[in-house]
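On a predicted model such as this, the values are computed, not experimentally measured, just so you know. Any value given below was found using the heavy atoms of this structure, including those in side chains, with hydrogens, waters and symmetry copies removed.
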Amino acid sequence: MRIASLEDDPIESKLIHQVVTDAGHACTVFHTGSALLETLRTRADAFDMLILDWHLPDMTGKDVIEWVRRNLGDQIVVMFLTNRVLEENIVSGLMAGADDYMTKPIREGELSARLHALSKRIRPAAISASSASASHGTIEAGVYTFDLFNKIATVRDMTVELKPKEFDIAALFFQNIGQLISRERIMETVWGRELVMTSRTLDTHMSQVRTKLQLKPDNNVRLTTVYTIGYRLDMF
């Protein structure tokens, strides 16, 4: 995800940035509400998610989310991360349009888990960069083409030999470009059952897909591993 963090405390801002990037997401830091809103006015689709503090130098986090919902609708996921712990504060934040509400002090593991849960609510904007169309039996994305009926993959018009499971994994990611896909979802989609989490089967298949399809910046793609959670394929 592309995440904007609005936090005026430099220590907490640095911690949020660290947790977000360690979870495999891009993070842009803002220290004032006006700076964040100026970016959103210029480019409404700049971020997939906002993490908002409540107390800011120039306005409140509630002011920010009310502007976002009024002008951008529900296209951006918003989470409050604040020291306002009273039930009435939480209710007020959620009623203003927040998708989630987390109280300080920041608990790194909990924040990472909440990011993972919220990512499932996001339609990946990057998917529009691909002319992927399962209904037509073909996925075309950059230098990659996948024939879903015959299970044939090509890179720069050269056929790549993929085993059936490897092809299914690749097709899953190229149909969900920009979306974090959990290990559980890959297992259920490709194998139809859950594997034992200590098994190296999934990791071995992912390594083969990465190598055989040359999923690297030279081909304008990047396959990112999000530790213990899953993987995300990005195009640029």
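A heavy-atom distance below 4.5 Å is found between the side chains of L202 and R183. Between D99 and M79 there is no side-chain heavy-atom pair separated by less than 4.5 Å. Looking only at side-chain heavy atoms (C-beta outward), N219 and R156 come within less than 4.5 Å of each other. For the pair I152 and T159, the minimum side-chain heavy-atom distance is below 4.5 Å. No side-chain heavy atom of T32 sits less than 4.5 Å from a side-chain heavy atom of M59. Looking at T103 and N83, their side chains never come closer than 4.5 Å, going by heavy atoms from C-beta outward. Contact check for T21 versus H25: no side-chain heavy atoms found under the 4.5 Å cut-off. Residues V78 and R69 have side chains in contact (heavy-atom distance under 4.5 Å, counting atoms from C-beta outward).
To the nearest 0.5 Å, the span separating NE2 on H116 from CG on L111 amounts to 13.5 Å. Separation of atoms CD1 (I76) and CE (M1) is listed at 12.5 Å; rounding is to 0.5 Å. Distance check: R107 CZ to R114 CZ gives 7.5 Å after rounding to the nearest 0.5 Å. Going from atom CG of L115 over to atom CD of E110 covers 10.5 Å, rounded to the nearest 0.5 Å. We find the CD1-CD1 distance between I16 and I106 to be 4.0 Å, quoted to the nearest 0.5 Å. Within the model, atoms OH of Y231 and CZ of R210 stand 7.0 Å from one another, a figure rounded to the nearest 0.5 Å.
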I'd like to know whether R222 forms a salt bridge (Lys or Arg N to Asp or Glu O under 4.0 Å) with D234, so could you lay out the CA-CA distance, the side-chain angles of the two residues, the decisive distance to 0.1 Å, and finally the verdict. CA-CA 5 Å; R222 180 183 293 109; D234 293 304; 5.5 Å; no

Please report the C-alpha distance between L215 and V209 in whole Å, then the side-chain angles of each, then the deciding distance to 0.1 Å, and finally whether the side chain to side chain contact (heavy atoms under 4.5 Å, CB included) criterion is met. CA-CA 8 Å; L215 300 178; V209 169; 4.1 Å; yes

For the pair L50 and I3, evaluate side chain to side chain contact (heavy atoms under 4.5 Å, CB included) and give the outcome as yes or no after the intermediate values. CA-CA 6 Å; L50 310 179; I3 297 177; over 6 Å; no

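Across F30 and A4, no two heavy atoms sit closer than the pair CE1-CB, 3.9 Å. The heavy-atom pair separating I177 from A141 by the smallest distance is CD1-CB, 4.0 Å. When every heavy atom of A170 is checked against every heavy atom of F146, the shortest pair comes out as CB-CE2, 3.8 Å. Residue T39 comes nearest to A46 through the heavy atom pair CG2-CB, 4.3 Å, listed as atom of the first residue, atom of the second, then distance. Counting all heavy atoms, side chain and backbone alike, G97 lies closest to I65 at C-CD1, 3.2 Å. When all heavy atoms of A44 and L72 are compared, the closest pair comes out as CB-CD2, 3.5 Å.
Judged purely by atom type and a 3.5 angstrom limit, N220 has no side-chain atom pairing as donor or acceptor with the backbone of M235. Within the 3.5 Å criterion, the main-chain N or O of G24 finds a donor-acceptor partner in the side chain of R232. At least one donor-acceptor pair closer than 3.5 Å links the side chain of K165 to the backbone N or O of V190. No donor-acceptor pair closer than 3.5 Å links the side chain of S112 to the backbone N or O of E108.
The salt bridge (Lys or Arg N to Asp or Glu O under 4.0 Å) search around D168 returns K151, not counting sequence neighbours. Partners of F80 under the ring pair (Phe, Tyr, Trp, His ring centres under 6.0 Å) rule, at least two apart in sequence or in another chain, are W54, Y101.
Hydrophobic cluster membership differs between V20 and L6, with clusters built from Ile, Leu, Val, Met, Phe, Trp and Tyr side chains linked at under 4.5 angstrom. Residues V77 and L94 are members of separate hydrophobic clusters, defined by side-chain heavy-atom contacts under 4.5 angstrom among Ile, Leu, Val, Met, Phe, Trp and Tyr. Taking hydrophobic clusters as Ile, Leu, Val, Met, Phe, Trp and Tyr residues chained together by side-chain heavy-atom distances below 4.5 Å, L148 shares a cluster with L213. When the side chains of ILVMFWY residues are joined at heavy-atom separations under 4.5 Å, either directly or via intervening members, I186 and L162 end up in a single hydrophobic cluster. In the hydrophobic cluster analysis, where Ile, Leu, Val, Met, Phe, Trp and Tyr join through side-chain heavy atoms closer than 4.5 angstrom, M49 is grouped together with L15.
Annotation for I11: atom CD1 does not count as buried by contact number, only 12 or fewer foreign heavy atoms lying within 6.0 Å.
In this pair, F174 and Y144 present their aromatic rings tilted. The plane angle is within the 30 to 60° band.
For the residue pair S92 / N89, no side-chain donor-acceptor distance below 3.5 Å is found, with atom types taken as modelled. Side-chain contact, N71 with R41: no donor N or O sits under 3.5 Å from an acceptor N or O.
Residue L36 forms a side chain to side chain contact (heavy atoms under 4.5 Å, CB included) with just one option from T28, L56, V64, and that option is V64. The salt bridge (charged side-chain N to carboxylate O under 4.0 Å, His left out) test with D53 singles out one residue from K104, K62, R84, and that residue is K104. Results of the side chain to side chain contact (heavy atoms under 4.5 Å, CB included) test with V29 over K14, H17, E7 single out H17 as the only residue that passes.
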